[in-house]
Amino acid sequence: MGFKKRSTKSDEEVLEGQTDLAADNTVSAPSSKKIKMDGKKDADMGDGVASSFSVANSVKPMERKKKRKQVDKERRRSVLENEESQLKQPIIEPKGKDATEPVAASSSSSLPEFHISVFKDLASADSSVREAAVETMVTELQEVQKAYDRLENKDLVEGGLKLEAQKDDGLNNCASSLGYAVRRLIRGVSSSRECVRQGFALGLTALVAAIPSIKVDSLLKLIVDLLEVSSSMKGQEVRDCLLGRLFAYGAIARSDRLTKEWLSDKNTLLIKEFMSAIISLASKKRYLQEPSVSIILEIIEKLPAEALLDHILEAPGVPQWFEEAIDVGNPDALLLALKIHEKTSIESKFGKLLPNPFSPSKLFSADYLSSISNCLKESTFCQPRVHSLWPVLVNILLPDTILQAEDAVSASNSLKKHKKGRKSSSSEEEIANNVQSFCDAVIERSLLLSSHDRKHLAFDVLLLLLPRLPSSFIPIVFSSKVVQCLIDILSTKDSWLYKVAQHFLNELLDWVRNDDVRRVAVIVAFQKHSNGKFDCITKTKTVKDLMAEFKTEAGCMLFVQNLINLFLDEAHASEEPSDQSQTTDENSEIGSIEDKDSIGIMGNADFLKGWVIESLPSVLKHLKLDPEAKFRVQKEILKFLSVQGLFSASLGNEVTSFELQEKFRWPKATTSTALCKMCIEQLQSLLANAQKVEEPRSLANGLEPNDLGSYFMRFFSTLRNIPSVSLFRTLSDDDKESVTKLLEMESKLYKEERNFRLSNDANKVHALRYLLILLLLQVLLRPGEFCDAASELTICCKKVFAAPDDLNSSGEDELDGDAAPELMDVLVDTLLSLLPQSSAPMRTAIEQVFRYFCGDVTDDGLMRMLRIIKKDLKPARHQEAGSEDDDDDDDLLGIEEDEGMDEAETGETADSDEQSEDSEAVVGSEGADKDLPEDSDESDGGMDDDAMFRMDTYLAQIFKEKKNQAGGETAQSQLVLFKLRVLSLLEIYLHENRGKCKPQVLTVFSNLAQAFVNPHTTEGSEQLGQRIWGILQRKVFKEKKLPKDESIPLSTLETLLEKNLKLASKPFKRKKSASSLSKKKLTASLTRYKMIVSLAQNSTYWILKIIEARNLSDSELQGVFDLLQAVLEGYFDSKKSQIKSGFLKEIFRRNPRISHQLFGFLLENCGNAKSDFRRVEALDLVIEVFKSQVPMNSNESNRDVSKKFLKSHLQSLGHLIETLVTKMPEKKSRKTEVHKCCDKIFQMITTLDLTKAFLKCLEPGTLSACESQLGPVFLKLKKPK
């Protein structure tokens, strides 16, 4: 009984999900009586079904639905009963290890056994289990069939075979077990449960291939009968049956039985019958077409070519299927036609589906591709998978053998020097035309103009093309429409196709990653069809990253040549749509356009050319080549920028230089002035970057050095002398003279540099040469503005490196004896005059020159730079003319903050007396040697007429081009920018003079501190204040070596110290109207106040360090002691004093001499402090002095000194302890601080054996107060261990 249950369960699992089961699925022949009863039940059930349909119209839909369910239930139950009755037939249960497995016996005990448990294993999810089950099943059934075939009288096998034959299922020559297995396998392929369909289809394939007794025509009939779709079936049931047929037909195709049938009988009708059946199946549902065609293709691959015409193409339904394919849009029919033609070259059996005669050029002609566009569009139904038709088309479009050879040739030629019009073979031209036609008709005009699904398909097809695509075909494939579609999708992250486009872009980048030729072609295509805005519009860094991946000289030269061709090619300008709305941002290409003013007026064509101009120098940014290779790339870029930016051709657009042996081209349309200016700016940048990274110039071997500046000047002179070439703009006489002087002076300096070889003078000459070169470009860029600066700079160069004979020569540049200014003053003035309107490369060259000459800068030159920093567009209010004393030597003293600042800036208040006092503090000291006229301005004090004129010139240059612009802050912002540039020079000065102990460092410090404190100096620019702060911190306060020049009087340092101490103790005040200020402004005011206090504190430490370094006596330092004593007095007595105890503590820690001198005063004032808070806070100062003067771990000599020091202050110390215990604070935290301080003091007294002397200094009342207030702390002092 247990065996029967297991067997029934196994059958139920296999039968689950099946819809139409035959009633004759028996394992062994049942009795006649039983079969008749089953037939009667089936007849009754059939009558029931028929009756239910006859009354279908007379009942309600719900009732009809219930009846139909009941009928299906009864039919299923009858099938299961029939199966169970079959299992009740005689079954042999073998002994041993197979005793537990269900075994189906043949109708006679003489037939081998067949274990039906293999069907359960066929449904396993494990492929290895399924394969093992198939092998077992085939082996056993082969044995069964062999034994059956050996029987002489098959009719006597219990009469079962007669009963089976009566069903006319075509399995007349098969044993009952084999027939059962075949029927069960056919029904099983219609099950959607787990892996039943895969396992049963595999079993059917193997069984049909292994046992010839199973006839193909019988199989075709059984498939239709057992998997018939009835009208009562629902969607899923219909789908299962149709897929079951598909898998069953696939099993027949893979079993090779059709091929064997044809080989045995070439007139067989089985192949036509099979083709008719599978074509009929493919016509039922769309999703069956492609797998049906794949089954047919398997048969075609196995059949000889001669069998295809009669048995495949002439099969019923096939010609009509091909005929209707174009109208209905059937991509599978097209695929089948292409595959059959590939094998047989048959052309006349496909109607209009294939061109006749067939050839690749006709296949990819525009007319034919348009005719099959419906077939191609309808291939999207299988997305996200790409239809099998497309790889076939791609293989025909781009054949392997021809294209591999062509790609190798094109790659080798592309990496060589660019040559025009390389001849190509006819086959290559034909393939290029086919690709052009395919991309135009299919990709652009069919798929990209259709739905999202078809756009998705277009990108998938392009990905199929990439592995086979030669680099020379990239411009064809990545056309304007393809790139525009990609840009449109990537620019909108919410787009349905965004991930599709992103995946395509990533695959494309992987494809070009290791190939410079592909990378160049893709960059050019992207930028050409987006007007240089691909990264900007898509908000990616695609082009930028691609440009950063060039690693070789050949790749860079190829890229440069392509960009030059793109610049000179104007054909694309008319192809692109106008789009004025797109602009670049900081995440655009590598060469971001710095000056957007000129770009705003450019059209799309100029914008693309602008991208080319700025991208050329940026190629070198990430390039790591040897100097020789890099210099060759730089020369190519320099020649292009020079030709396009500086010159124009008078006749035509081509000029040949016989001296340079090179031909130069210009665009047919005149290059705009904005683009010429951009070329000059990029040329300046290229030269400045070359100067930064130049290798040391070694001329010992007599070879020409890789000097890009020298090459440019020779190149410029050569082109300038060609008659048919002229400068891009007409210069005035002054500008022409300036250009001539700069060319001559650069040539002289180049010779001098070669004579100096490797030395500091050679570096000076080299820096001046590059400044002259960049100034020449600046004259061409901004004519009329730099003539004077060019003249002065050439004079300075002549004076600096003039020969003795030249110094005595007379000329227009010679200046008279006493009236002649210092050479370095003139050089500094010239450099300053170039700063306001100079470009970034120009400023780099100026800083480089200043770095080499800053050691010779005079005090006057230094003060000119400092006055620019202190220059104020909004002079401070309430200034008193009589108090404005500003001397060159004492200007360093004026660092006090002006109280007359705008209340919105600081929110501070002060009365008129404070304003007067602080106004004096801003200007300088009382001991100034000179008094200025009453009408002199503070920031211009001490300047002669020439200096004033030069200052006005600087400012005039700043305001010249900005005066007509909208906005009142334009002039001030330009001044702030000028100050930042001068600060860079001052930072260089401090850096180059570090460790030289120059007194000028103190001058720079004091003036920068004054500029930082004055609110009007840094007004409107937080960056300026932060820059000054950073310079003072890095280059002054943290510098190890200090100014030690004794020429600075101590009184000057004392006055400077006084001002800093006063500034550090100044309170933060608010006006009554400050409540109306915004929280942001109040926060900014408080932050500025804290920074000023921090500056004053750091300045105090630094000045005291300078004073301490002089090793002065105590008597000489008495003024310093008095200043600090006054500060301490204010700290204890004045509530307005904001000086921090931490600041005083740090002074005592860094300067032990000061703490030694002020200790007695500190003890006295601490005891007499008016508030508990000050008294307790000052205890930290007392402890700090003890640490420095009475160290705990000291040798014997130091111990005596410490003991003597402490003994002299025992009386004051006792008074302090008396005050602390008699006026003990009520707050617990303060009381704890008092206990800690007393404990530390008592420990030091005990350590130095001064306990008795200290106790004698205390009054009896004080002793009792100490015991009561201090407790154990004081008792340890009285009774030491």
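Start at 1 with the first residue, then count along the sequence.
For the pair K551/D516, no side-chain contact is recorded, criterion being any heavy-atom separation below 4.5 Å from C-beta on. For the pair V739 and R720, the minimum side-chain heavy-atom distance is below 4.5 Å. Side-chain contact between P783 and V779: absent, with no pair of heavy atoms (C-beta onward) separated by less than 4.5 Å. Side-chain contact check for L646 versus L777: some heavy-atom pair is nearer than 4.5 Å. No side-chain heavy atom of E662 sits under 4.5 Å from any side-chain heavy atom of S657. Using a 4.5 Å heavy-atom cutoff, the side chains of N565 and R665 are in contact.
Distance CG/L775 to CE/M745: 12.5 Å, rounded to 0.5 Å. Going from atom CD1 of I487 over to atom NZ of K539 covers 13.5 Å, rounded to the nearest 0.5 Å.
Checking side-chain atoms of S685 against main-chain N and O of Q682 turns up no donor-acceptor pair under 3.5 Å. Judged by distance alone, with hydrogens and angles left aside, the side-chain atoms of T538 form a donor-acceptor pair with the main-chain N or O of F534 at under 3.5 Å.
Side-chain atoms of S710 and R714 include a donor-acceptor pair closer than 3.5 Å. Donor-acceptor pairing under 3.5 Å is lacking for the side chains of E681 and S839. Side chain to side chain, E785 and Q778 fail the donor-acceptor criterion of an N or O pair below 3.5 Å.
Evaluated for a side-chain contact (heavy atoms from CB on, under 4.5 Å) with V520, the options V560, L563, L558, I474 yield exactly one hit, L558. A ring-ring contact (aromatic ring centres under 6.0 Å, His included) with F647 holds for exactly one of F664, F716, F640; it is F716.
Cation-pi contact between R519 and F550: present, with separation from the ring centre below 6.0 Å and deviation from the ring axis of at most 45°. Under the 6.0 Å distance and 45° angle rule, K609 counts as a cation-pi partner of F567.
Residues meeting the side-chain hydrogen bond (donor to acceptor under 3.5 Å, both in side chains) test with D440, sequence neighbours left out: R445.
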